[in-house]
Amino acid sequence: MRALQALLILLLATTAQAADQLTATVDRNKIGIDETLKLRLRYSGDENGGRPDFNLLEQDFDILSRQQSNQYRVINGRAESFVEWMLTLAPKREGKLFVPSLHYQGAVSDAIPITVTEPGSSPNTGEDRQAFLEVELDKEKVHVQEQLLVKVRLYTTVGLHDIATEPLKVPGAHVEKVDEQRYERRINGVGHAVYELTYAIFPESSGKLTIPALSYVAVAGRRDPFSLFNRNTQRLRLRSQPRSLEVLPKPDSYSGANWLPAASLGIVQSWSKDPQTFTVGEPITRIVTLRAEGLRAAQLPPLPKLNVEGLKTYPDQPQQDDQLGQSGIIGSRIETTAIVATKPGDYQLPAVTVTWWDTKTGRQRATQLPPFRFTVAGAATGAMQEPDQTADLQPNGTTATDQSQFWRNLAIVALASHLLWLLYFFRQRGVRSPMPGSAKPLPNAEQQARALERAVETGDPTQIQEAALNWLHTRWPQVTGNSLGEVNRELNFEELEKLQELLDAALYLTPSRPLNKQQMQILVNRLLKRKLLEKSAEEDKPLPDLFV
């Protein structure tokens, strides 16, 4: 009896040991680096939830997908239950790898060796592959900081969707994605859909540059919108081959102040108005654009500053712009400068020369903006200078007689303006009598003036236009115009006409013309001086009553 009990206990232990098993199998033991394999992990025993720890597996493989299923079946009257995990794995490197031993509920699976070969060298790869990657470089050698174009193409003969790729990162280089294309191409008579990405790479140092392998993950097959699991689809992982090339240093023969390897480089200038009508004290804006194909805007150097006797300059912050396309990056640097002449005469702006390296011909070149000559006429009619600027606007070596003549003219202009405004108010009273309390108080005009100054600081042409109209209507309530042009037809201010011209160019021209903050501040300050000049006329409002 005791022998029978011992035999039963041994059989139960053996059955329990056989039931708690963890087995691992793969569909292939040899694959290419750009292929995937299926790992099936089955546990037969009491399942209490959870899953095996796959951290060790992820050291050598990317887990592209995982599915879990619980099954119960009866075979020849014998009940069997188990839980199963199905994983899609993609190798991270070539060579001899292992699917490691995995643990679950105290059970341990066996390790499985996997051989990973180069792309296309496994038996089931070749010309009939459903999908593959191609990497193309536009040059075999580049100089340091020169643009290198890298095109990565994904070819497929089956429907791919949910395509995902890791961003290209190249150690020791600046990388930007500049273009993305989808098209079709026939290879050996077979139509392929092509998904192409173009990257612009700028090496930061000479030596060997390596473009690392890129990995793409996609789903192949037709998605069933009525299926929760889409069992007819297959998850693919594609991997490109790394590429290397030589990066040359800057040539010893290059003599330019800045190293600029570009396919082309040009300089152009434009003006806010015709410089041939330049007058003393009137600001005019010069816009110089440096444009280079194959260089980023950040690589373009600042242009020489203007230093011409008799000209005061107010440079604005430079604008940088990168235009992206199939040919890479076209960088632009735009420098805007307001110029004010302090005395009449003939002037010449010096030539601007930029030396650069032509990457197409492999030689040094220079692009020049030629000297620019213009004539400045005498002071503009009615132009008013700020008191603290009169000393700066006097030509070098001005005599005491010239200075006294300047102040005499200034006094005449102020007196004439005062008399004109007296006549203006007299006529207004003859036409209509203002309603009591209809005029806005002066403090409100001062608030609007401060709002206009703040709008100029923002550089927003819309805000400046709105603030200018608010100030004008507050300062002169009798003005009925709804635009700067209509208001100026009533006031006839030279500063307001110039302000409207610049704002219209920034708001309505295509392409729009950028505003120069210093130039806007000069015009607005002069416009606000109109208020100070005529303040006494409004304060002396009782004077016209003497003529009633």
Side-chain angles (χ1 to χ4, degrees), residues 118-119 132-155 165-181 194-216 239-267 289-303 320-333 353-368:
E118 296 180 354
F132 61 94
L133 290 179
E134 176 186 73
V135 178
E136 177 184 307
L137 311 182
D138 70 331
K139 304 168 186 174
E140 294 299 327
K141 293 181 180 180
V142 295
H143 285 89
V144 61
Q145 298 180 2
E146 178 184 346
Q147 176 181 265
L148 169 69
L149 291 181
V150 177
K151 294 184 180 293
V152 183
R153 301 186 184 97
L154 167 61
Y155 294 86
T165 179
E166 57 191 12
L168 177 60
K169 296 181 180 180
V170 180
H174 178 86
V175 181
E176 284 195 38
K177 187 177 79 171
V178 296
D179 191 49
E180 181 175 340
Q181 297 271 341
V194 184
Y195 173 55
E196 179 183 279
L197 293 178
T198 304
Y199 296 92
I201 299 178
F202 298 86
E204 297 173 350
S205 59
S206 59
K208 182 180 180 181
L209 182 71
T210 299
I211 312 298
L214 276 175
S215 295
Y216 280 64
R239 189 180 179 91
S240 67
Q241 291 183 338
R243 299 287 299 273
S244 298
L245 74 160
E246 182 182 0
V247 179
L248 304 175
K250 180 180 70 173
D252 295 335
S253 59
Y254 185 76
S255 59
N258 301 280
W259 171 239
L260 301 174
S264 65
L265 187 143
I267 311 175
T289 302
L290 178 62
R291 186 173 180 269
E293 180 183 356
L295 286 177
R296 296 177 291 126
Q299 296 175 265
L300 299 177
L303 300 178
Q320 297 182 344
D321 177 67
D322 285 331
Q323 182 180 350
L324 310 181
Q326 288 185 343
S327 59
I329 297 179
I330 299 177
S332 299
R333 181 184 177 92
T353 303
V354 178
T355 303
W356 54 287
W357 182 263
D358 191 338
T359 58
K360 294 181 178 179
T361 61
R363 62 185 181 89
Q364 177 176 315
R365 295 184 59 184
T367 298
Q368 185 180 83

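If you're wondering where the values come from, they're calculated on a predicted model, not measured in any experiment.
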### Task
Measure the CG-OG distance between Leu149 and Ser327 for me, rounded to the nearest 0.5 Å.
7.5 Å
### Message
In the structure I gave you, are the side-chain heavy atoms of Phe202 and Ile329 within less than 4.5 Å of one another anywhere?
### Response
yes
### Task
First locate atom CD of Glu146, then atom CH2 of Trp259, and finally report the distance between them rounded to the nearest 0.5 Å.
7.5 Å
### Message
Test side chain to side chain contact (heavy atoms under 4.5 Å, CB included) on Trp357 and Arg365; report intermediate values, then the result.
### Response
CA-CA 6 Å; Trp357 182 263; Arg365 295 184 59 184; over 6 Å; no
### Query
Quick one: CZ on Arg296 to CG on Leu324, what's the gap to the nearest 0.5 Å?
11.5 Å
### Query
Can you tell me if NZ on Lys141 sees more than 12 non-hydrogen neighbours from other groups inside 6.0 Å?
no
### Task
Determine the minimum heavy-atom distance between Val142 and Pro203, stating which atoms define it.
CG2-CG, 3.9 Å
#### Entry: Shortest non-hydrogen separation from Tyr254 to Thr355 and the atoms involved
OH-O, 3.0 Å
### Message
Under a 3.5 Å distance rule, please check whether Thr367 uses its side chain to pair with a backbone N or O of Leu265 as donor and acceptor.
### Response
yes
### Query
Given side chains that start at C-beta, do those of Gln181 and Asp179 come closer than 4.5 Å, heavy atoms only?
yes
### Message
Just so I know, are the side chains of Leu290 and Leu303 near enough to count as touching, which here means a heavy-atom distance under 4.5 Å?
### Response
yes
### Shortest non-hydrogen separation from Leu295 to Pro261 and the atoms involved
CD2-O, 3.2 Å
### Message
Would you compute the distance between atom CD of Gln299 and atom CD of Gln147 and round it to the nearest 0.5 angstrom?
### Response
9.0 Å
### Query
Out of curiosity, Leu300 CG to Thr289 OG1, how far, rounded to the nearest 0.5 Å?
11.0 Å
### Task
Report, as yes or no, whether the 6.0 Å neighbourhood of atom CZ on Arg291 holds more than 12 heavy atoms from other residues, nucleotides or ligands.
no
### Query
Is the shortest heavy-atom distance from the side chain of Leu245 to the side chain of Lys139 under 4.5 Å?
no
#### Entry: Minimal non-hydrogen separation, Asn258 against Pro301, with atom names
ND2-CB, 3.6 Å
### Query
So, for His143 and Val247, which heavy atoms are closest and what is the spacing to 0.1 Å?
C-CG1, 3.9 Å
### Query
Is there side-chain contact between Arg333 and Pro302, with at least one heavy-atom pair below 4.5 Å?
yes
#### Entry: Nearest atoms (heavy-atom pairs only) where Gly331 meets Asp322
CA-OD1, 3.6 Å
### Task
Please tell me if the side chains of Val170 and Tyr199 come closer than 4.5 Å, counting only heavy atoms from C-beta onward.
no
#### Entry: Backbone of Leu248 reached by a side-chain donor or acceptor of Ser206 within 3.5 Å
no
Report, one line per pair, each donor and acceptor closer than 3.5 Å where one atom sits in a side chain of residues 171-178; sequence neighbours left out.
residue : atom : partner : partner atom : Å
His174  : NE2  : Glu176  : OE2          : 3.0
Lys177  : NZ   : Glu180  : OE1          : 3.4

### Task
Using atom types as modelled and distance alone, determine if a side-chain donor or acceptor of Arg243 lies under 3.5 Å from a backbone N or O of Leu137.
no
### Query
With a 4.5 Å heavy-atom cut-off, do Ile201 and Ile211 have their side chains touching?
yes
### Query
Between Arg153, Lys151, Gln241, which is the residue that forms a side-chain hydrogen bond (donor to acceptor under 3.5 Å, both in side chains) with Glu134?
Arg153
### Task
Working to the nearest 0.5 Å, report the span between CG of Leu260 and CG of Asp358.
12.0 Å
### Query
Can you tell me if Ser255 and Gln364 form a side-chain donor-acceptor pair at under 3.5 Å?
yes
